[in-house]
Amino acid sequence: VTVSIEERLEVEQFLYREARLADEGRYEEWQNLFDEETRYWVPGGGGAKPGEEVAIIDDNRTRLATRIRQLRTGLRYAQSPPSPTRRLISNIEIEYEDDCYRVTSNFVAYEIKIQSTHETITWCGQYKHELIKKDNKLLMRSKTVYLVNRGEPIPSLTFLI
Amino acid sequence: VPFAAGFTGDAADFGLSRLRSEKYRGFVFATFNPEAPTLEEYLGPAASLIDRTVEMSPMGKVRLDAGWLKHRLRANWKMVVEGVVDGYHPDYVHTSLFRTVDYHFEAKGVESSTAPSPLARDWGGGHVEIDFAPTLKEQLAWFNVSPDRYPNYISAMKAAFGEQGAHERLIAGPSHALIFPNLLLAEMNIVIFEPIRVGETIQWNTPLLLDGVGEELNERIIRNGQAALGPGSFIIPDDAVMIERTQMAIEGRGRWIDLSRGLNRERVEDGIRVGVMYDDVAGRGFWRQHASLMAVSA
């Protein structure tokens, strides 16, 4: 089902806000964008079914909470100091079915590894968001990140992508 | 050879090199070196490290078909090896994880004289290990679950190895060992270090799935592997940042890294050097072998 202009604006604003909270390391506010049912998934190269193939990241609610707590200790050395990042989101397509917005988009993110090599890393890929509405607010049921280079060797991925 | 009239050499001189390979319990080892010893000689007593891992399966068989992650590290491969055979760093480098979750690695009472310590062993030939077994008391503690979590697995192990044999294996868990030079048996994962250039290494990892056990157990192995290893995990990225910083430091100033820790208290048992995990026994074992090989080829 296609969506109205108003719905499209609301979904786009959600994606931009989610990206900004991630880029600014506002960990809890970002985490609170997820619904009870949570899936933060960055598949590896095989692209096989979750659970049968090792993923770069495959967080349910508990594991995502662990990830955020680890970052917040200040002793997660891979993010100490946190990498400066900024990302662009484009090519947003939205479908609505079964009370859920299924949103695909493309992204490019730049990360500077200031805690080690000071390299600038380019991350690029496709986001798939499943968004639901609760109390008139959009929430993520899942966020999937298909990196274009997921089958290649990649550096540490320790900021919120 | 196209347009062969212009080439007077012997095509046979330009063929692909032939690889020598041998297998041990499903692991294939290969070399281009015709002078290399047989696999049995090469592994020596360290073959038991592979036995220990493979015998976590009641069928004595493991599978590597859950896919590989490839992690790019800006450091020399030997720096990466030093990290994984060093038992001194986890308390510091992985503090953030120990403060976040309950994990069996946590060093409680390390420096007290009575508490048992994990051990570091140098098996010779550059094969080295960190052994947590001395500190583990319950079956499956190494897997971070209670002993009654996988009853079918435990009964399958008993059927395969007998009551005592199963008990010992389920307490000790799999190996954490480096098979020289670049294969790491990382408990329920396999890791390979691929040197790319002086300052770059690709670390490959895959979960080590067991044959003859329920899918539930293998799924947990995959999930644990995701938590520990790979670019987005909770552990290795913190090692990576340390290794990369150290690489930058030695490239800048070329000072020696001190590996003398525990030289005063390591001992030799049946030809195997043993010390506590917090000493550099394993690191020295790796470098001793590296130095002897480099001296021969120099």
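Every heavy atom of this structure was used, including side-chain atoms; hydrogens, water molecules and symmetry mates were not. By convention in this document, chain letters (A, B, ...) are assigned in the order of the sequence lines, proteins followed by strands, and residues within each chain are numbered from 1.
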Please classify the contact between [X] and chain B as side chain, backbone, both or neither, with a heavy-atom cut-off of under 4.5 Å.
X: Arg72(A); answer: neither
X: Glu119(A); answer: side chain
X: Ile57(A); answer: side chain
X: Ile121(A); answer: side chain
X: Asn149(A); answer: neither
X: Val54(A); answer: both
X: Thr73(A); answer: side chain

Could you walk me through whether Gln226(B) and Arg63(A) pass side chain to side chain contact (heavy atoms under 4.5 Å, CB included), step by step? CA-CA 11 Å; Gln226(B) 275 165 186; Arg63(A) 192 163 278 189; 4.0 Å; yes

Sidechain-backbone polar pair: [X] side chain, [Y] backbone, donor-acceptor under 3.5 Å:
X: Lys70(B); Y: Ile154(A); answer: no
X: Arg223(B); Y: Asp58(A); answer: yes
X: Arg245(B); Y: Gln115(A); answer: yes

When you look at [atom1] of [X], are more than 12 heavy atoms from neighbouring residues, nucleotides or ligands closer to it than 6.0 Å?
X: Tyr110(A); atom1: OH; answer: no
X: Glu138(B); atom1: CD; answer: no
X: Arg25(B); atom1: CZ; answer: yes
X: Tyr96(A); atom1: OH; answer: yes
X: Ile5(A); atom1: CD1; answer: no
X: Lys133(A); atom1: NZ; answer: yes
X: Arg99(B); atom1: CZ; answer: no
X: Glu29(A); atom1: CD; answer: yes

Return the option, out of Val42(A), Leu157(A), Ile161(A), Thr117(A), with the maximum number of heavy-atom pairs under 4.5 Å with chain B.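 Looking at each of Val42(A), Leu157(A), Ile161(A), Thr117(A) in turn, Leu157(A) comes out on top.
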
Shortest non-hydrogen contact between [X] and [Y], atoms and distance:
X: Pro153(A); Y: Ile202(B); value: CG-CD1, 3.3 Å
X: Thr158(A); Y: Pro237(B); value: CG2-CB, 3.4 Å
X: Pro231(B); Y: Pro155(A); value: CB-O, 3.4 Å
X: Asp238(B); Y: Arg76(A); value: OD2-NH1, 3.0 Å
X: Thr100(B); Y: Gln70(A); value: OG1-CA, 3.5 Å
X: Tyr92(B); Y: Tyr77(A); value: O-CE1, 3.3 Å

Winner by heavy-atom pair count (cut-off under 4.5 Å) against chain A, out of Asn218(B), Leu209(B), Thr206(B), Val93(B):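 The option with the most such pairs is Val93(B).
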
Are any of the side-chain nitrogens in Glu244(B) or Lys113(A) under 4.0 Å away from the carboxylate oxygens of its partner?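 Judged by the 4.0 Å cut-off on N to carboxylate O distance, Glu244(B) and Lys113(A) do not form a salt bridge.
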
Rounded to the nearest 0.5 Å, how far does CZ of Arg67(A) lie from OG of Ser233(B)?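 These two atoms lie 8.0 Å from each other.
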
Between CZ on residue Arg74(B) and OG on residue Ser116(A), distance to nearest 0.5 Å: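 It is 10.0 Å, given to the nearest 0.5 Å.
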
Structural part of Trp68(B) lying under 4.5 Å from a heavy atom of chain A: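 When you check distances to chain A, only backbone atoms of Trp68(B) fall under 4.5 Å.
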
